[in-house]
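Here's the structure, in structure tokens; my notes come after.
The model shown is predicted, which means the values in this text are computed figures rather than measured ones.
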Amino acid sequence: FGFLFAEKCPDLPSTDFADITAEMYPLGTKLSYECDSGYDRRAGTSNKILCLRIEQVASWDYKDFKCIDKKILLSTASTTELDFTQKPERKRQSPAPQERENLSEFDQRDFCGPPRTIPHASLKLTQRYYLGQVLHFKCQSGYDKRPPTSGTRVCKKEGAEVIWTSLDMRCTNDS
């Protein structure tokens, strides 16, 4: 592709009782869509997406992917299909001000924004994170929350070592 992918991050330390999200992904990140229960991937479509540089901008390379209700597939031999097509999102979301400061060492053109949502599908990471990745952690509902109840971890380089910054939140299940 004519560009280098960022360095890979070490394994993410486990965080109990917290949900993890990300708003930006470095070049080289691979994600895949997984159809929800009761839905199957339409034959001939790929569920994988890749963050790469397209016309000098970090963008997701989407394939034609759809999740189709199994009942529709099983109940009729006709080509009846629900139309869930969605236009690719053109706008790139900028990080919150405090994150922009953390990412000042990284070129923003090297990060893809959030992938588009696909009806009846969820996203999962298919490989490790890359240098510059910012992850957001939030306590799951139903767990005891000790302030702060949300926080971030950043994969960054300190000297020659690639590390995750520490997380100063704690979610417990004392009961």
Side-chain angles (χ1 to χ4, degrees), residues 1-35 41 45-65 86-118 121-141 143 145-172:
F1 289 114
F3 57 87
L4 296 175
F5 292 131
E7 292 183 60
K8 288 186 178 181
C9 299
D11 288 336
L12 185 66
S14 67
T15 305
D16 294 331
F17 317 119
D19 292 321
I20 304 169
T21 59
E23 294 173 10
M24 295 173 55
Y25 297 86
L27 287 172
T29 299
K30 292 178 186 175
L31 299 174
S32 65
Y33 289 99
E34 214 169 72
C35 290
R41 177 168 53 109
T45 65
S46 173
N47 66 334
K48 297 186 181 358
I49 62 173
L50 172 65
C51 176
L52 48 82
R53 195 181 316 279
I54 301 172
E55 297 176 12
Q56 303 306 313
V57 177
S59 302
W60 289 107
D61 180 26
Y62 291 99
K63 310 294 185 221
D64 181 30
F65 175 75
Q86 192 175 25
K87 300 274 188 265
E89 293 184 20
R90 290 280 174 219
K91 69 174 188 170
R92 294 184 54 217
Q93 291 190 357
S94 60
Q98 72 274 13
E99 293 168 46
R100 191 173 291 124
E101 201 173 300
N102 292 343
L103 291 172
S104 61
E105 63 193 280
F106 304 106
D107 186 342
Q108 295 299 307
R109 292 176 306 146
D110 292 341
F111 289 84
C112 289
R116 69 180 180 216
T117 57
I118 302 283
S122 55
L123 277 167
K124 70 174 190 164
L125 186 73
T126 56
Q127 65 184 35
R128 295 169 85 170
Y129 293 106
Y130 288 95
L131 189 65
Q133 181 67 65
V134 178
L135 298 177
H136 304 272
F137 293 78
K138 186 171 182 160
C139 291
Q140 295 171 344
S141 66
Y143 290 94
K145 298 166 183 166
R146 307 270 195 267
T149 59
S150 64
T152 59
R153 272 198 139 128
V154 180
C155 178
K156 67 181 200 174
K157 198 165 198 169
E158 282 191 356
E161 194 177 1
V162 177
I163 58 135
W164 285 102
T165 57
S166 62
L167 185 64
D168 63 353
M169 61 172 274
R170 203 176 80 164
C171 308
T172 64

Exercise for the section: Kindly compute the distance separating CZ (R128) from OG1 (T29), expressed to the nearest 0.5 Å. Expected result: 13.0 Å
Problem - From S141 atom OG to F17 atom CZ, the distance as rounded to the nearest 0.5 Å - result: 13.0 Å
Fill in the blank from the handout: For F111 and M24, the nearest pair of non-hydrogen atoms, with its separation, is CB-CE, 3.2 Å
Problem - Side-chain touch V162/C155, heavy atoms, less than 4.5 angstrom - result: yes
Problem - Residues in side chain to side chain donor-acceptor pair (under 3.5 Å) contact with D19, at least two apart in sequence or another chain - result: Q140
Exercise for the section: Before giving the answer on side chain to side chain contact (heavy atoms under 4.5 Å, CB included), spell out for E161 and I163 the whole-Å C-alpha distance, their side-chain angles and the decisive distance to 0.1 Å. Expected result: CA-CA 6 Å; E161 194 177 1; I163 58 135; 3.8 Å; yes
Completion exercise
Nearest heavy-atom contact between K30 and L50 is CG-CD1, 3.6 Å
Practice task
Check whether any side-chain heavy atom of I20 sits under 4.5 Å from a side-chain heavy atom of T15, and report yes or no.
Solution key: no
Completion exercise
Minimal heavy-atom distance between R41 and C35, with the atoms involved, is N-SG, 3.5 Å
Handout entry: Minimum heavy-atom distance between L27 and A58, given as atom pair plus value
Key = CD2-CB, 3.9 Å
Exercise for the section: Could you walk me through whether Y62 and K48 pass the side chain to side chain contact (heavy atoms under 4.5 Å, CB included) test, one step at a time? Expected result: CA-CA 8 Å; Y62 291 99; K48 297 186 181 358; over 6 Å; no
Fill in the blank from the handout: When rounded to the nearest 0.5 Å, the distance separating CD of E34 from OG of S32 is 6.5 Å
Handout entry: Minimum side-chain heavy-atom gap Y130-K8 below 4.5 Å
Key = yes
Problem - Atom pair SG/CG of C9 and L131 - distance to nearest 0.5 Å - result: 6.0 Å
Exercise for the section: State, yes or no, whether a side-chain contact exists between T152 and F137 at a heavy-atom distance under 4.5 Å. Expected result: no
Problem - Set of residues satisfying side chain to side chain donor-acceptor pair (under 3.5 Å) with respect to D61, sequence neighbours excluded - result: K63
Handout entry: Criterion side chain to side chain contact (heavy atoms under 4.5 Å, CB included) on L135 and L12, from CA distance to verdict
Key = CA-CA 10 Å; L135 298 177; L12 185 66; 3.7 Å; yes
Completion exercise
CD (Q133) and CZ (R153) are apart, to the nearest 0.5 Å, by 13.0 Å
Practice task
Locate the shortest heavy-atom distance separating H136 from A22; write the atom from each residue and the value.
Solution key: CD2-CA, 4.1 Å
Problem - Nearest-0.5 Å distance that lies between atom CD1 in I54 and atom SG in C112 - result: 7.5 Å
Problem - Aromatic ring pairing W164/Y129, orientation class (parallel under 30°, perpendicular over 60°, tilted between) - result: perpendicular
Problem - Donor-acceptor pair, side chain of W60 and main chain of G113, under 3.5 angstrom - result: yes
Completion exercise
For E158, the salt bridge (charged side-chain N to carboxylate O under 4.0 Å, His left out) test, sequence neighbours excluded, returns K156
Practice task
Determine the minimum heavy-atom distance between P115 and L123, stating which atoms define it.
Solution key: CG-CD1, 3.5 Å
